[in-house]
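See structure below.
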Amino acid sequence: MARLAQTAGLTDVQQEILATVRDFVDKEIIPVATELEHRDEYPQQIVDGLKELGLFGLMIPEEYGGLGESLLTYALCVEEIARGWMSVSGIINTHFIVAYMLKQHGTQEQKDHFLPRMAAGDIRGAFSMSEPGLGSDVSAITSKAVKDGDEYVLNGQKMWLTNGGTSSLVAVLVRSDEGHPEGTAPHKSMTTFLVEKEPGFGEVRPGLTIPGKIDKMGYKGVDTTELIMSDLRIPADRVLGGVTGRGFYQMMDGVEVGRVNVAARGCGVAQRAFELGVQYAQQRHTFGKPIAQHQAIQFKLAEMATKVEAAHAMMVNAARKKDSGERNDLEAGMAKYLASEYCKEVVEDAFRIHGGYGFSKEYEIERLYREAPMLLIGEGTAEIQKMIIGRRLLEEYRFQG
């Protein structure tokens, strides 16, 4: 089948990687995704396959055993995987945010200790900012770290950890007032801790509990959890970068990668919805002909395809901007906002094309219809993206009066 959203200027290596991932998605993910999703079953066999392909080391430098590929390559792989099942893309997203933060901000000891095992997929990463009483307002974090000799004691409750149960390394953002006098701006008194744990649920190390999975409308299979810290003792050498007070900036840098990822997921889900819609429109007959021959359906398909192309172009631009070393919060915010909104609209149009059958769990579009809303809030709501975009535009177009 011809497909939308081709990417110009890719190297032979990038094209080979994407062809391999796409073949894996078509053969190993799409045939089982809906069944596993309905059972809310962790896709262990799929994850093992991704590990064999080396995808857990895709963006990790070669010196640590990874493939050393770009954010663009990663984003295009995520697009392919999300086209098969968005939950699988979530499993690798948080892993790569943590790996990226380590690569960019970790001490040499931290890089040497974690990155080789992360590249091999033996350590799986998760990261945590949100808490039960906050979402987008990161400055309102109440979880706290207190220095005690060569350790820190962490207390608090975190929320919405993707891979919270299956991960073995969690980057946790907490307040750390030590060394930061009263009145210090909230974002300057936050620290990221690298918390190692056993995979699973319950008390996974002394002072750290991962309750059971949160039951969600969609985005099933991947485990989303809380994280409860009760006098959790962490060595001082597990402060990311070795210096307190830098956690907010480290997390925001990682979130820019995450926003490109969410944009890529939106592109992948929208592509799959378009594929399902255009295929069904040629099979379903009404009034003596396939519904694809009705002008109203052709208009829908035209709008859907245009949105898929536009979202893909913005996602690629944001990834390339980050790869160039330039600031990309404007581009990442725009791509995340547009791709998630367009994904919702394309999925709904495909759902409408399916008519009553779209409401049946036997049809794949029903799963996509429940998955798309997560992209509207993941890695920052649409409203947060608009705030970021608006502020950056005012910086770029400052009126000189």
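As a basis for the values below, the full set of heavy atoms in this structure was taken, side chains included, without hydrogen atoms, waters or symmetry mates.
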Heavy atoms from other residues, nucleotides or ligands near CD of Glu63 exceed 12 (cutoff 6.0 Å): yes
Mutual orientation of the aromatic rings belonging to Phe351 and Tyr369 [parallel < 30°, tilted 30-60°, perpendicular > 60°]: parallel
Exercise: do His95 and Ser167 side chains pair donor with acceptor under 3.5 Å: no
Ring geometry between Tyr363 and Tyr357 (parallel below 30°, tilted from 30 to 60°, perpendicular above 60°): tilted
Salt-bridge criterion met for Arg83 and Asp26 (N-O under 4.0 Å): yes
CD (Gln45) with more than 12 external heavy atoms under 6.0 Å: no
Heavy-atom closest contact (Phe274 atom, Val346 atom, distance): N-CG1, 4.2 Å
Closest non-hydrogen atom pair between Ile29 and Gly84, with its separation: CG2-C, 3.7 Å
Side-chain heavy atoms of Ile234 within contact of Val172, under 4.5 Å: no
Heavy-atom check, side chain of Trp85 versus side chain of Leu36, under 4.5 Å: yes
Euclidean distance, Asp40 CG relative to Asp215 CG, rounded to 0.5 Å: 6.5 Å
Heavy atoms of other groups near Gln15 CD, more than 12 under 6.0 Å: yes
Short N-O contact, Glu371 and Arg272, less than 4.0 angstrom: no
Contact summary for Met59 and Lys103, nearest pair of heavy atoms: O-NZ, 3.9 Å
Closest non-hydrogen atom pair between Thr286 and His294, with its separation: OG1-NE2, 3.0 Å
Leu301 side chain reached by Met304 side chain, heavy atoms, under 4.5 Å: yes
Distance-only donor-acceptor check, side chains Glu364 and Thr34, under 3.5 Å: no
Atom pair CE (Met101) and CZ (Phe114), whose distance is rounded to the nearest 0.5 Å: 12.0 Å
Over 12 non-hydrogen atoms of neighbours within 6.0 angstrom of CD in Glu362: no
Stepwise salt bridge (charged side-chain N to carboxylate O under 4.0 Å, His left out) check, Asp122 with Lys51: CA-CA 9 Å; Asp122 296 331; Lys51 182 178 176 180; 3.1 Å; yes
Side-chain touch Ile97/Glu379, heavy atoms, less than 4.5 angstrom: yes
Enclosure of Arg205 CZ (heavy-atom neighbours >12, cutoff 6.0 Å): yes
Ala5 versus Val308, closest heavy-atom pair with distance: CB-CG1, 4.4 Å
Side chains of Val78 and Ile81 in contact at under 4.5 Å (non-hydrogen atoms): no
Verdict with reasoning, Glu383 to Lys386, per salt bridge (charged side-chain N to carboxylate O under 4.0 Å, His left out): CA-CA 5 Å; Glu383 291 72 24; Lys386 291 180 193 178; 5.2 Å; no
Check ion pair Arg259-Asp329 (N to O, under 4.0 angstrom): no
Enclosure of Arg398 CZ (heavy-atom neighbours >12, cutoff 6.0 Å): no
Close side-chain approach of Ile91 and Ile46, heavy atoms under 4.5 Å: no
Residue from Leu208, Leu227, Leu194 passing side-chain contact (heavy atoms from CB on, under 4.5 Å) with Val170: Leu227
Salt-bridge contact Arg352-Glu348 (side-chain N to carboxylate O under 4.0 Å): yes
Lys300 with Glu303: basic N within carboxylate O range, under 4.0 Å: no
Ion pair check, Lys220 and Glu37, cut-off under 4.0 Å: no
Glu109, CD: over 12 other non-hydrogen atoms inside 6.0 angstrom: yes
Close side-chain approach of Thr166 and Tyr42, heavy atoms under 4.5 Å: yes
Greater than 12 external heavy atoms within 6.0 Å of Lys213's NZ: yes
Residue pair Val260 / Ala318: nearest heavy atoms and the distance that separates them: CG2-CB, 4.1 Å
Residue that, paired with Ser324, satisfies side-chain hydrogen bond (donor to acceptor under 3.5 Å, both in side chains) out of Lys322, Glu326, Lys321, Arg320: Glu326
